[in-house]
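Input: a single structure, listed below in structure tokens.
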Protein chains: 2
Amino acid sequence: MAKITDVARHAGVSPSTVSYALSGKRPISDETRRRVEEAARALGYRPHAGARALASSRSNVLALVVPLRAGIHVPVVMQFVVSVVTAARRHDHDVLLLTQEEGEEGLRRVADTALVDALILMDVQLHDPRLSLLRSLERPSVMIGFPLEADGLTCIDLDFRAAGERCVEHLAQLGHRVVGLVGSPPEVYVRGTAFAQRVVQGFTAAADRAGLASAVHPCEATPAAARRVAERLLREQPALTGVVVHNEAVLEPLIDAFEQLGLRVPADLSVTAICPDELAAGLHVPVTSVALPSAEVGERAVGLLMRKLDGGTVPEATLLPPALTLRASTAPRTVSPR
Amino acid sequence: MAKITDVARHAGVSPSTVSYALSGKRPISDETRRRVEEAARALGYRPHAGARALASSRSNVLALVVPLRAGIHVPVVMQFVVSVVTAARRHDHDVLLLTQEEGEEGLRRVADTALVDALILMDVQLHDPRLSLLRSLERPSVMIGFPLEADGLTCIDLDFRAAGERCVEHLAQLGHRVVGLVGSPPEVYVRGTAFAQRVVQGFTAAADRAGLASAVHPCEATPAAARRVAERLLREQPALTGVVVHNEAVLEPLIDAFEQLGLRVPADLSVTAICPDELAAGLHVPVTSVALPSAEVGERAVGLLMRKLDGGTVPEATLLPPALTLRASTAPRTVSPR
DNA sequence: GGGTGACGTCGAAGCGCTTCGACGGGGGAA
DNA sequence: TTCCCCCGTCGAAGCGCTTCGACGTCACCC
């Protein structure tokens with residue numbers, strides 16, 4: 001591999017000039033810059049990442065901690081991952097993948113060894129054990145999700161509480177009086193996963209506020225569980241006409257189950273969801289939904305980190321407002337009896 | 001951050017001794033090693049990754065290129081990713097994530113800048129444009145999947161051809177005479193994705209060999225498509241009694257569709273699949289399947305890379321033999337008419 | 001006309017680690 | 001006893017880059 005001294009010699013300048021010409025950190029004459037670039041191209045020069053990291057104390061790598069736990073929907077995680085990687089590349093950074101299993105030790109390791117410049121965490125819990133670690137690290141971090149106590153930390157996410165509210169309000173406006181929430185798998189709540197809890201809060205609060213009867217049902221991520229929940233919902237709330245689904249894996253099976261139970265969507269039952277748009281739009285009954293904007297979240301998470309790395313200051317909390325897209329799965333409540 | 005000189009001073013030895021004590025690359029007396037370890041612990045010493053990479057010309061990072069293309073089943077990809085990351089950590093390496101979109105330039109970049117020591121590629125095509133690049137890189141690589149011309153490259157994967165054969169043989173042994181393959185989405189074949197093609201070859205060859213009537217149907221990854229394929233299969237091959245499914249996304253919807261069309265599995269129709277064991281085992285009819293051993297493949301891919309990095313020599317091709325697990329979805333053909 | 005910056009470039013000093021060669025001392029072989 | 005070699009440790013030389021301070025040049029202004 002050609003090194004910077006080779007480029008310098010080839011261009012007839014000093015190594016430092018090559019560095020400045022390529023980085024733009026000091027003014028360099030057009031003529032010189034041209035020669036340097038030409039030499040770099042001719043030699044196929046690639047700066048050595050380790051050397052650069054050592055000299056500049058910047059590795060240009062971000063750590064991304066992905067969850068692998070039961071109950072989280074893998075395709076959604078992957079969407080985040082991809083959007084983070086893509087955004088990072090736009091900022092000339094690469095992404096190192098850590099699994100949740102690596103735990104706090106993993107975070108500390110990549111931070112302390114200066115392997116990464118900054119960290120992004122997903123799947124934050126309300127009482128996340130990593131919070132104090134993040135505060136003590138000398139490297140900036142962004143969490144995708146909101147813990148209960150985030151003082152001094154930077155968080156970003158969809159406003160899940162508002163998303164839950166928005167879905168209920170939509171149903172209420174359509175005249176529905178009895179609504180149900182089909183939520184994430186039980187273990188997700190048990191762990192205290194932030195976004196899942198917030199949806200429940202928003203759902204319940206909005207239902208109470210609008211005077212609706214409501215019930216919450218966690219649901220395993222299997223079609224069989226979806227069917228059981230559908231049956232249970234109808235048994236326990238016979239007057240049910242509106243459902244909010246916050247569980248990507250069972251959205252489709254759930255609708256199928258309702259239909260097999262003799263309910264037409266949306267004639268008999270209105271369904272809204274909080275999930276990625278592609279999912280909601282791609283079902284045989286396109287579902288009215290609040291989008292889970294993973295691309296935007298990932299991108300903005302990276303943007304926040306970049307600003308912090310540049311010494312800038314960023315808001316501690318970034319809550320993306322929910323956007324409800326009307327599709328074919330919701331309709332005004334018909335008063336006709338079942 | 002404490003540096004190696006701090007540890008050396010604290011332990012009363014020279015920096016090089018610290019390095020040797022910690023790496024074990026030269027004999028160090030027990031007493032000295034103990035003092036060094038003690039000092040390192042006391043100071044919370046973490047070697048600087050960049051410095052280490054520069055001095056040793058080893059970054060201890062592997063690149064993993066993940067596919068994001070249409071038609072690939074995301075959870076399966078994630079399984080590979082996790083197994084690679086986990087295996088890499090066991091070998092004291094980290095994993096840098098690259099998306100397919102980064103393309104050859106991305107590969108060249110991380111390799112040439114010495115950001116990574118080695119590369120793992122997934123989703124290999126029969127005529128993969130990256131092959132010649134890989135050959136020209138000075139860093140070792142392993143491909144998960146087999147291109148047509150892999151001379152000089154290292155590949156590992158399930159033997160998909162044999163897997164296809166194995167499924168057919170199983171059905172043939174059970175007396176089935178008319179079989180169908182429900183394959184991956186059409187675009188996967190159009191791209192020339194290696195493993196998909198090989199399943200088709202194996203399926204067809206084994207069917208011909210056993211004198212079975214057979215047909216191949218690519219299938220989009222949606223329940224609606226699954227249903228269409230089920231109907232088409234029965235229409236075009238009315239005597240069909242055996243099906244091989246190589247498409248994780250539609251396995252369950254397909255079985256549902258068959259059942260809704262009045263066929264009982266396995267009484268009227270035997271179904272086998274090539275997919276992760278958890279998927280096959282978790283359905284309401286547990287499906288006889290050839291396992292997709294993503295954990296083993298990822299782990300062995302990393303193992304191969306490690307051996308190459310250590311200057312060892314490894315086989316160019318590693319084909320994992322298919323293992324068929326009998327479950328409830330296959331049964332001897334009943335001669336009774338439908 | 002001399003002072004003053006700004007511009008463009010260079011040289012040198014590290015960044016923190018690994019590794020090579022060297023060296024003193026002690027034990028085993030002759 | 002002598003020689004040799006190996007063990008355990010040290011010092012120094014980088015690895016390839018960035019960055020800081022310095023310096024010469026030139027334009028500009030008073």
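The model shown is predicted, which means the values in this text are computed figures rather than measured ones.
- As a whole-Å value, the separation of A/E31 CD from C/dC7 P is 19 Å.
- A side-chain N or O of B/T17 and one of B/S14 form a donor-acceptor pair less than 3.5 Å apart.
- Atom CZ in B/R33 sits roughly 14 Å away from atom P in D/dC10 (whole-Å rounding).
- Distance, B/R9 CZ to D/dT9 P: 19 Å, rounded to whole Å.
- Considering only side-chain atoms of A/T17, the nucleotide from C/dG8, C/dT9, C/dA22 that sits closest is C/dT9.
- Rounded to whole Å, atom C1' of D/dC17 lies 19 Å from atom CZ of B/R52.
- In terms of position on DNA chain D, the residue among B/T32 and A/A55 whose nearest nucleotide sits closer to the 5' end is B/T32.
- Using a 4.0 Å heavy-atom cutoff across all strands shown, A/S56 reaches sugar-phosphate atoms only and no base atom.
- Between the side chains of B/S29 and B/T32, at least one donor N or O lies within less than 3.5 Å of an accepting N or O.
- Distances were taken from every side-chain heavy atom of B/I4 (C-beta onward) to each of C/dC17, D/dC17, C/dT9; the shortest belongs to C/dC17.
- Residue B/R46 comes nearest to A/D112 through the heavy atom pair CG-CB, 3.5 Å, listed as atom of the first residue, atom of the second, then distance.
- Contacts of A/P47 with the nucleic acid, taken as non-hydrogen atoms under 4.0 Å apart, involve only primed sugar atoms and P, OP1 or OP2.
- Results of the side chain to side chain donor-acceptor pair (under 3.5 Å) test with B/R130 over B/Q100, B/Q125, B/E104 single out B/Q100 as the only residue that passes.
- Residue A/S29 is classed as a sugar-phosphate contact, given heavy-atom separations below 4.0 Å to backbone atoms only.
- As rounded to whole Å, 14 Å separates atom C1' of C/dG16 from atom CG of A/L115.
- Out of D/dG21, D/dC10, D/dG16, the shortest distance to the side chain of A/R26 is found at D/dG21.
- Of the two residues near DNA chain C, B/L54 and A/D30, the one whose nearest nucleotide lies more 5' is A/D30.
- Here the P atom of nucleotide C/dT19 and the OH atom of B/Y20 are 7 Å apart, to the nearest Å.
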